[in-house]
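Notes follow once the structure below has been shown.
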There are 2 protein chains.
Amino acid sequence: MTGAKQAKGPARRADAQRSIAAILEAAVSALSRNPEASVSEIAKAAGVGRVTLYGHFPNRVDLVEAALASAIEKGHAALDSVDLTGDPRQALARLIDSSWLLVNRSRSLLLAAQGVLPPGRIRILHAGPVERVEGLVKRGRDEGVFRSDLSTPWLVGVLHSVMHNAADEINAGRLDSEKAAAFITATVLAAFTPPGSRVPG
Amino acid sequence: MTGAKQAKGPARRADAQRSIAAILEAAVSALSRNPEASVSEIAKAAGVGRVTLYGHFPNRVDLVEAALASAIEKGHAALDSVDLTGDPRQALARLIDSSWLLVNRSRSLLLAAQGVLPPGRIRILHAGPVERVEGLVKRGRDEGVFRSDLSTPWLVGVLHSVMHNAADEINAGRLDSEKAAAFITATVLAAFTPPGSRVPG
């Protein structure tokens with residue numbers, strides 16, 4: 001009564017969950033080193049066969065999307081510890097600093113995703129982080145610190161695209177990755193400043 | 001001595017150039033309506049066979065890239081008429097207005113390109129427009145109107161990504177295309193404002 005063949009439903013499901021977790025971990029790790037990492041390479045690193053991997057992720061696009069979703073989910077959880085109280089500008093600077101560390105670490109994975117997923121899909125995968133930023137932007141608008149002549153989704157999109165622009169600029173060799181967080185913060189705080197008010201800094 | 005079979009070298013080259021021009025025109029037009037437009041559909045609209053098309057563009061990625069390059073080149077030429085003299089902020093607003101008309105018209109083509117080309121490649125295809133913006137940004141920095149605590153390539157990248165963000169937001173149904181130029185201009189002028197100075201508007 002031992003061995004995989006005798007495993008009952010729940011045991012099989014637990015096996016499948018372990019496989020999926022191992023595949024996602026291997027995919028995030030491999031794609032974070034090399035955006036072109038192959039499915040075979042990821043299966044090997046996860047210690048599963050290609051057939052098992054394809055059973056869970058029918059093609060490379062599905063796998064890349066699941067890897068990005070997994071990295072974003074973990075990053076989003078890690079950002080729970082960022083203090084978002086107090087001056088909205090300072091809170092936003094803290095959130096950008098911590099978020100950038102995660103985006104910078106996932107630059108290669110992001111590049112892999114940009115190669116196979118439309119921008120709208122990548123934005124949807126960021127629903128958690130987007131919601132967090134949205135809450136902070138709304139509070140900043142209510143307090144008159146952030147502009148309210150442009151819509152909240154627009155301002156959130158600006159932060160998202162300026163951050164991803166930093167990743168692209170580093171990949172292109174035009175930006176030093178150590179300067180990125182300061183550049184993003186300076187740009188976004190200025191972009192969010194109400195017309196007629198002074199840009200901080 | 002008439003007919004394609006007797007055509008000499010120069011005549012064959014002229015034929016090939018006409019085919020390429022027809023294919024590019026059909027590709028820009030088809031992809032501007034539908035980012036998923038197929039190679040067969042484009043060949044048919046261009047009035048050439050698939051074999052001829054594949055002779056010039058070995059795969060769909062090459063064709064999409066050439067179509068985007070062609071649209072950007074024509075747009076870049078059209079922007080020659082924008083007055084870039086006078087107050088750099090007003091000049092930038094005029095350049096954004098005119099550029100946005102072109103980007104907005106090519107939103108679907110841009111989406112097709114984003115689906116098959118990495119962001120770095122898309123940015124390289126914009127070398128002409130980037131150079132024009134760069135000149136204006138440099139002049140604005142020299143005159144103290146635009147910030148000089150962030151690098152010129154960074155500011156140009158911010159404009160590029162905020163403009164493409166507008167295209168993504170419209171595609172996602174979160175932004176009214178008639179508001180886009182005003183949103184982009186307000187955002188970019190604020191982002192370019194030197195720290196300590198007031199955001200215009």
Side-chain angles (χ1 to χ4, degrees), chain A residues 35-36 61 110-124 146-147 149-176 179-180 182-201, chain B residues 35-36 61 110-124 146-147 149-176 179-180 182-201:
Chain A
E36 313 273 330
V61 175
L110 179 65
L111 199 58
Q114 285 168 333
V116 296
L117 300 173
R121 187 71 205 136
I122 293 178
R123 169 78 186 255
I124 287 169
F146 295 152
R147 66 196 306 164
D149 59 329
L150 306 179
S151 72
T152 297
W154 170 261
L155 295 179
V156 173
V158 166
L159 170 58
H160 180 87
S161 57
V162 168
M163 205 172 272
H164 285 191
N165 177 55
D168 296 342
E169 291 292 296
I170 294 172
N171 290 338
R174 278 189 298 265
L175 177 65
D176 179 348
K179 285 187 182 163
F183 273 38
I184 298 165
T185 303
T187 303
V188 171
L189 286 183
F192 285 15
T193 300
S197 296
R198 289 186 197 281
V199 168
Chain B
E36 314 272 330
V61 175
L110 180 64
L111 199 59
Q114 285 168 330
V116 296
L117 300 173
R121 188 69 205 138
I122 292 178
R123 169 77 186 256
I124 287 169
F146 295 152
R147 67 197 305 164
D149 60 328
L150 306 179
S151 72
T152 298
W154 170 262
L155 296 179
V156 174
V158 167
L159 170 58
H160 179 88
S161 57
V162 168
M163 206 172 272
H164 285 192
N165 178 55
D168 296 343
E169 292 291 297
I170 294 173
N171 290 338
R174 278 189 298 265
L175 176 64
D176 179 347
K179 285 187 182 163
F183 273 38
I184 298 165
T185 303
T187 303
V188 170
L189 287 182
F192 285 15
T193 299
S197 295
R198 289 186 196 281
V199 168

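None of these values were measured; they are calculated from a predicted model.
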Task: Heavy-atom contact with chain B under 4.5 Å, split by part of A:Ala172 - done: neither
TODO: Give, for atom OG of A:Ser151 and atom CZ of B:Arg174, the distance between the pair rounded to the nearest 0.5 Å.
DONE: 9.5 Å
Task: B:Phe192 vs A:Val199 side-chain heavy atoms within contact, under 4.5 Å - done: no
- [ ] Name the member of A:Pro194, A:Gly115, A:Ala186 that forms the most heavy-atom pairs with chain B at distances under 4.5 Å.
- [x] A:Ala186
TODO: Ignoring hydrogens and angles, tell me if any N or O in the side chain of A:Arg198 forms a donor-acceptor pair with the backbone of B:Gly196 under 3.5 Å.
DONE: yes
Open item on the list: If you compare all heavy atoms of B:Pro119 against all heavy atoms of A:Gln114, which two are closest, and at what distance to 0.1 Å?
Closed with: CG-OE1, 3.1 Å
Task: Atom group of A:Leu175 that falls short of 4.5 Å from chain B, counting heavy atoms - done: side chain
- [ ] Measure distances from B:Ala166 to the heavy atoms of chain A and classify the residue's part below 4.5 Å as side chain, backbone, both or neither.
- [x] both
Task: chain B interface, residue from A:Gly157, A:Gly201, A:Pro118 that has the most non-hydrogen pairs under 4.5 Å - done: A:Gly157
Task: Region of B:Leu111 in contact with chain A, defined by heavy-atom distances below 4.5 Å - done: side chain
- [ ] Please name the residue in the list A:Thr187, A:Val158, A:Ile184 that meets the side-chain contact (heavy atoms from CB on, under 4.5 Å) test with B:Val158.
- [x] A:Thr187
Open item on the list: Testing the basics here: between A:Ala191 and B:Ala190, what is the closest heavy-atom pair and its distance to 0.1 Å?
Closed with: CA-CB, 3.9 Å
- [ ] Specify the closest pair of heavy atoms between B:Pro200 and A:Pro195, including all atoms of both residues, with the distance to one decimal.
- [x] O-CB, 3.7 Å
Task: Part of B:Asn171 within contact of chain A (heavy atom distance under 4.5 Å) - done: neither
Open item on the list: Could you report the tightest heavy-atom contact between A:Asn165 and B:Ser161, atom names first, then the distance?
Closed with: CB-OG, 3.6 Å
Task: chain A contact via B:Pro35 - which portion, at a heavy-atom distance below 4.5 Å - done: neither
- [ ] Check whether any side-chain heavy atom of B:Asp149 lies under 4.5 Å from a side-chain heavy atom of A:Phe183, and answer yes or no.
- [x] no
Open item on the list: At a 4.5 Å cut-off on heavy atoms, which part of A:Thr193 comes close to chain B: side chain, backbone, both, or neither?
Closed with: both
Open item on the list: Could you check whether any side-chain heavy atom of B:Glu169 comes within less than 4.5 Å of a side-chain heavy atom of A:Arg123, counting everything from C-beta outward?
Closed with: yes
Task: Contact origin within A:Pro153 toward chain B - heavy atom pairs under 4.5 Å - done: both
